[in-house]
Amino acid sequence: MGALFFALMGIGMISSFIGILAGGGGLITLSAMMLVGIPVQIGIATNKFSSGMAALTSLSYLLTNKHLSGKTIMRNVCIALAGGVSGALITSSMTERTMNIIALILLIFSFFVTLKAKQWVSSVKEADNDTSIISKIMPFFIAAYDGGFGPGSSTFGILYYMHRKNSYAKAVQLTRVLILGSCLGAFIVFYQTGFVQWHYAIALAIGSAIGSQMGLLVLPKVSLKLAKSLLMAIIFLLIVQVLFKIA
């Protein structure tokens, strides 16, 4: 049990660190947990707890360093909380194959959008003037997807907030807030299923919290070229993983 505990801590650190910068942390976490023999249902529930704890430590960092206002954080957390609960409830009546097909379509779309983007926002700007209903409620749908399924949700969040004319660093920070709310909402639902195994969850959460702090410290030093390359690689790996599941 001791070796597994530290193995899960290591998995949490690596997946959270990469997840901070480009998303796709769930790809690493779930795959690694299955390799060490943890059932997928337990892996999903455990991952929601650890991701939520990592996002919570990110929140403390963002508040301490005054990167985001309390009003912005509360608004995004409340929207994501509702989305996380909704997603977890909806997917309980959907097949995994259906969710995989939805994820594949979204990931392929994201891949080409990122590939065709000629310029990323390099400095903090005000959000754009897109006041359409779809744009306003998109965080809810991203949170619902994360709460019910997960792979690629952080990546979708980063792309969405960058589309709203936020810098890469600001988009990552806002995505962490969104993931906190969605994971909390989803965990409330998944906890009722009895799949949460606390000895797994605590080990993964400790590693995820450490990896999250490391990622936020490194974030300001990451060049846009490297960030875009990492994001493209994560999206590609997610597409391969989902295709493998569908086949």
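Keep in mind the model is a prediction, meaning the values are calculated, not measured. We number each residue from 1, following the sequence as shown.
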* Asked: Hey, what do you get for CG (Leu219) to CD (Gln173), rounding to the nearest 0.5 Å?
  -> 6.0 Å
* Structure fact -> The reported gap from CE in Met53 to CG in Leu184 (rounded to nearest 0.5 angstrom) is 11.0 Å
* For the side chain to side chain contact (heavy atoms under 4.5 Å, CB included) test, which of Leu174, Leu62, Ile73 pairs with His67? -> Leu62
* To do: Might you point out which heavy atoms bring Met162 and Ala171 nearest each other, and give the distance in Å?
  => CG-CB, 3.5 Å
* Nearest heavy-atom pair of Ser153 and Ile179: which atoms, and what distance? -> OG-CD1, 4.0 Å
* Exercise: identify the closest heavy-atom pair between Ser58 and Gln213 -> N-NE2, 3.8 Å
* To do: Identify the two heavy atoms, one from Ser69 and one from Thr72, that lie closest to each other, and give their separation to 0.1 Å.
  => OG-OG1, 2.8 Å
* Asked: Where the side chain of Ser86 meets the backbone of Ala144, is there a donor-acceptor pair that is under 3.5 Å apart?
  -> no
* Asked: Does the side chain of Arg75 reach to within under 4.5 Å of the side chain of Ile79, using non-hydrogen atoms?
  -> yes
* **Cluster overlap Leu81 with Phe141, hydrophobic side-chain contacts below 4.5 Å** => no
* Asked: Out of curiosity, does Met74 fall in the hydrophobic cluster containing Ile137 (side-chain heavy atoms, cut-off under 4.5 Å, transitive links)?
  -> no
* To do: Would you check if Lys48 and Asp146 make a side-chain contact, meaning some heavy-atom pair closer than 4.5 Å?
  => yes
* Structure fact -> One should read off an interatomic distance between Leu159 CG and Arg164 CZ, to the nearest 0.5 angstrom, of 14.5 Å
* Asked: Atom CD1 of Ile108 and atom CZ of Phe236: how far apart are they, to the nearest 0.5 Å?
  -> 11.0 Å
* Could you tell me the separation between the OG atom of Ser182 and the CD1 atom of Ile142, rounded to the nearest 0.5 Å? => 10.0 Å
* Does the side chain of Leu4 come within less than 4.5 Å of Tyr200's, by heavy atoms? -> yes
* **Heavy-atom closest contact (Lys170 atom, Asn166 atom, distance)** => CG-OD1, 3.7 Å
* Asked: Between OG of Ser51 and CG of Leu56, what distance do you get to the nearest 0.5 Å?
  -> 12.5 Å
* Structure fact -> Residues at least two apart in sequence or cross-chain that pass side chain to side chain contact (heavy atoms under 4.5 Å, CB included) with Ser208, listed by chain then number, are Ser16, Ser50, Ala54, Leu204
* Asked: Do the non-hydrogen side-chain atoms of Leu59 and Arg176 ever get within less than 4.5 Å of each other?
  -> no
* Name all residues meeting the ring-ring contact (aromatic ring centres under 6.0 Å, His included) criterion together with Tyr161; count only those two or more places apart in sequence or in a different chain, and write none if there are none. => none
* Can you get from Ile18 to Ile206 by hopping between Ile, Leu, Val, Met, Phe, Trp and Tyr side chains that sit under 4.5 Å apart? -> yes
* Leu178 versus Asn76, closest heavy-atom pair with distance -> CD1-O, 4.1 Å
* What about Leu217 and Leu68, same hydrophobic cluster or not, with Ile/Leu/Val/Met/Phe/Trp/Tyr joined at side-chain heavy-atom distances under 4.5 Å? -> yes
* Plane angle bin for Phe187 and Phe49 - parallel if under 30°, tilted between 30 and 60°, otherwise perpendicular -> tilted
